[in-house]
A.B. asks: 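Pasting in a structure now, in structure tokens, and then I'll have a few things to ask.
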Amino acid sequence: MKERTTRAPWRNAIGPALLLSVGVVAWEQLLHAARHVEPPGPVAPHLALDAVLALPLAYAAVTLTLQLFRRRSAARAVVASALFTLLLVPAVGAHKLAHKLVAPSGAHVHRSAVEQQSLIAHGFHDALLGLPVALLIALFSIGAMPPAPSRKTAATALAFATVFTTLPGHAAGPVITPFVAQLPIPAVLSGSQITLTAREADVPILPGMPATHMWTYNGTFPGPTIHATAGQPMYVTLVNNLPSQDGDVTMHQHGEHAESQYDGQPHANLIAPGGSYTYHFDYTEASAPERGAMQWYHDHMMDVTGRNIWNGLAGMVILDDPTEAPINAALPSGDRDIPLMVVDRSFDQNAQIDYGTFNPDGRLGDAILVNGAPQPNFNVANVKYRLRILNASNARSYDFKLSDAQPMIQVATKSGLLPAPVTRTHIQLGPAERAEVIVDFSHHQVGDRIVLQNALGFGANLNSAMQFTVTSTASDTSTIPQTLRAAPVFDDTLPLGPTRVWDFGQDPVTNEWTINGNGFDPNRIDAMPKLDTVERWIFINTSSVDHIVHIHDVDWEILSRVLLGSTDTSGILTTEPGLRESFRLRPNEVVTIESKFTDHIGTFVFHCHILEHEDYAMMDQFQVVR
Ligand code: C2O
Ligand code: CU
Ligand code: CU
């Protein structure tokens, strides 16, 4: 102690400041976890960065406090540490702003409900959450803590700790208990002519809470499931009955090979409030019925797709190809063939889902909904089921696995049946991606519960999607055929068009998400492939976050996936062969894909399917010409 008092106060302060910044953020992180808020990526680097970022201000706070309170007594110690923690408000709160400055790419920001708070509110929350630890460390480090604290001191510290840790933290929403709601199955629409009406509706989402005000197709969330048959045309009339301040709408059937004018253009063929538009889908490709697939439909308005889908404008599509009937009949079918739309949303205390301030890094929710119900339960028999899983989230990726450690047998991807089933213990799905899996409950007893877990989720409302409860026994004649459907082969004798390179990056000044350095411009066309030619497109990710590349019009085959500057193709995906219209592009990856432009001329978009990246403005256009 003597040594310390003879040193300059600034020297004494270095150790405590270090301890403080580490201690406070560690505690904060623990509380984030307890409050079911997902940390932005791995915890350790986050802690390290937060500690470093908080250091300068923590240091200033420690120095100042030391100067002010040289003499020690228990009472003074409490006052000193209170002042101390007050000074830490800007110190801890500053980290969010500092993240933005240090990592403008958005690689490291609190991507959660926290984004919806102001900087000052965020700072207060963080500092208050960190208070108990700050108190203890402060008392120890300035030597004010008596070796054996008096009862009064201990009681005061305990009271502080209790008050501050029970203050509402980041996730100020309602408590959602998993597996209480039952899984809803959306209504099905089929036939040659259907009508969807975009309108506001109060949708019961959280059990025992007020209904959630949403923008819907036909009053439900998800919208009705469209059941289409390949080769049989369907006219889908979309009526816009949303209030005029909600703006125009446009609808894209994601995964469908639609004509340009029916493709849900983000800036053309828009439907003004009170208006309607009829989309025509013929469900053919290259003059043959299209392959069966799970697709989906959603709003696609330029700049506000993220808001519109968050508010509820999304539904599923099951496209059946009659030529696949024998396979579909062998697989579990009927009420054992379940479409699952997985999204994340955050709710306020009144169960409302305010989209909030636009966050270009992606709007994340803090609770998972399946078919519009929070982490529902689904009662099953001890048989096989076909689950068609769609990730319709704005920005969140999931890594699904079963709690009974049983594998899932994947039979289809977003572009339809696989050549052969693939056994998977994990299924990772980025926004807009789909996978169809067979799960087998036959080794379970009545009463068993199996959870569909999310290995990427943090906290009780994100680490699982839903639960299956075995409530009955039944016979099962379904099988999983050893061969399913071969992927089409591109005709290599066709002339190969130009190879195009697309760099998915971020503008260092504006933070705008870019393709080849540009944000979306509806008046610019950046490629004009010729009809009936094959082209290779190369995608490079020069930004620091993953993107989900989605290309309208046709499906693509992945030829290679390598790291920038490497020729090693061993990283190529082997678990998802066949075609796709969307794929993950990780930082520094170079993905080469190939497709043939069939049937349709006209303009189509391609973009990142993290909706806030798309809206700001990672989207581009190509025009297929003769
Ligand atoms: Cu699902 Cu262009 O989008
Ligand atoms: Cu942080
Ligand atoms: Cu992106």
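Order of listing sets the numbers, starting from 1, for every ligand and every atom in it.
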A.B. asks: Answer yes if the ring centres of Y277 and Y279 are under 6.0 angstrom apart, and no otherwise.
C.D. replies: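 Yes; Y279 has its ring centre under 6.0 Å from that of Y277.
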
A.B. asks: Where atom 2 (Cu) of ligand 1 is the corner point, what angle links NE2 of H607 with NE2 of H300, to 10°?
C.D. replies: 100°

A.B. asks: With respect to atom 2 (Cu) of ligand 1, please indicate if H550 possesses an N, O or S atom at a distance under 2.8 Å.
C.D. replies: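 No, H550 does not qualify, because none of its backbone or side-chain N, O or S atoms lies under 2.8 Å.
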
A.B. asks: Nearest heavy-atom pair of H547 and S543: which atoms, and what distance?
C.D. replies: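 Closest approach of H547 to S543: NE2-OG, 2.8 Å.
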
A.B. asks: Should D263 and H600 count as side-chain neighbours, where that means a heavy-atom distance under 4.5 Å?
C.D. replies: no

A.B. asks: Is the W296 to H609 ring centre distance short of 6.0 Å?
C.D. replies: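 Yes, ring centres under 6.0 Å apart.
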
A.B. asks: Near atom 1 (Cu) of ligand 1, is there an N/O/S atom from H609 that is less than 2.8 Å away?
C.D. replies: yes

A.B. asks: Which N, O or S atom name in H613 marks its closest approach to the Cu ion (ligand 3)?
C.D. replies: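 Result for H613 and the Cu ion (ligand 3): ND1.
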
A.B. asks: If you have a sec, read the angle at the Cu ion (ligand 3) from H547 atom ND1 over to C608 atom SG, to 10 degrees.
C.D. replies: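 Value returned, to the nearest 10°, is 130°.
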
A.B. asks: Ignoring hydrogens and geometry beyond distance, is a side-chain donor-acceptor pair present between R584 and S397 at under 3.5 Å?
C.D. replies: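 Side chains of R584 and S397: pair found under 3.5 Å.
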
A.B. asks: Tell me which N, O or S atom from H254 is the closest to atom 1 (Cu) of ligand 1.
C.D. replies: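 Nearest to atom 1 (Cu) of ligand 1 within H254's N, O and S set: ND1.
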
A.B. asks: Indicate the atoms forming the closest heavy-atom contact of L563 with P587, along with that distance.
C.D. replies: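 For L563 and P587, the tightest heavy-atom pair comes out as CD2-O, 4.4 Å.
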
A.B. asks: Any N/O/S atom from H298 (main chain or side chain) under 2.8 Å of atom 1 (Cu) of ligand 1?
C.D. replies: yes

A.B. asks: Tell me whether H552 has at least one N, O or S atom under 2.8 Å from atom 2 (Cu) of ligand 1.
C.D. replies: yes

